[in-house]
Amino acid sequence: MRLVVTGAAGFLGKALTARLLRARGADQIVLLDRVTPDAPADARFAAAALDLTDHAGLREAVLDADQVIQLAAIPGGEAEAD
């Protein structure tokens, strides 16, 4: 199974990554965020920087995914300023 996590460099993304490291089930876990997230030293994990407004890049990232966990967000003041 291939799992893609967006927003992986954020608070929730880091917590989820720690849980996925302990869990078994996914053969490949791709961590995505605007900045390259820290990936555990585990062969199942890969990390990449990707802006979700890059539609072609996003389509390629999730093309063969069995599941996508969407955690990416613009929180608080940054969202209000936009």
Side-chain angles (χ1 to χ4, degrees):
M1 176 169 82
R2 184 169 183 264
L3 174 66
V4 175
V5 180
T6 66
F11 179 77
L12 292 176
K14 289 176 183 178
L16 177 61
T17 298
R19 292 197 83 158
L20 290 171
L21 183 59
R22 295 189 305 268
R24 297 292 173 222
D27 301 316
Q28 183 182 23
I29 302 165
V30 179
L31 306 174
L32 300 175
D33 209 309
R34 284 204 254 173
V35 296
T36 305
D38 294 330
D42 182 311
R44 297 175 299 152
F45 287 83
L50 177 68
D51 188 319
L52 295 185
T53 62
D54 174 1
H55 295 225
L58 181 59
R59 184 174 26 260
E60 185 175 327
V62 301
L63 185 63
D64 295 329
D66 296 297
Q67 293 183 344
V68 176
I69 299 176
Q70 162 56 20
L71 299 176
I74 301 174
E78 189 178 344
E80 291 176 18
D82 189 11

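Keep in mind that the numbers below use all heavy atoms, side chains included, and drop hydrogens, waters and symmetry copies.
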Counting neighbours of CG on D38 that are heavy atoms of other residues, nucleotides or ligands and sit closer than 6.0 Å, is the number greater than 12? no
Residues R44 and A23: closest non-hydrogen pair is NH1-O, 3.0 Å
With clusters defined by side-chain heavy atoms of hydrophobic residues (ILVMFWY) lying less than 4.5 Å apart, directly or transitively, does V5 cluster with V62? no
Roughly how far, to the nearest 0.5 Å, is the CZ atom of R34 from the OG1 atom of T6? 12.0 Å
Same cluster or not: F45 versus L16, using hydrophobic residues (I, L, V, M, F, W, Y) connected whenever any side-chain heavy atoms lie under 4.5 Å apart? yes
Under 4.5 Å between side-chain heavy atoms, hopping through other hydrophobics if needed: is there a path connecting L3 to L31? yes
E60 atom CD, neighbour heavy-atom count above 12 within 6.0 Å: no
For P40 and L21, the nearest pair of non-hydrogen atoms, with its separation, is CB-CD1, 3.8 Å
Can you name the closest pair of heavy atoms from V35 and A9 and give their distance? CG2-CB, 4.1 Å
Test side-chain contact (heavy atoms from CB on, under 4.5 Å), reference R2, set D66, I29, V68, L63, output is D66
Would you name the heavy atoms of L52 and A72 that are closest together and state the gap between them? CD1-CB, 3.4 Å
Would you name the heavy atoms of A8 and T17 that are closest together and state the gap between them? O-OG1, 4.5 Å
What one should report as the nearest heavy-atom pair of A48 and P37 is O-CD, 3.5 Å
Between CG of L32 and CD1 of I69, what distance do you get to the nearest 0.5 Å? 11.5 Å
Under a 4.5 Å side-chain heavy-atom rule over Ile, Leu, Val, Met, Phe, Trp and Tyr, are V4 and L20 clustered together? no
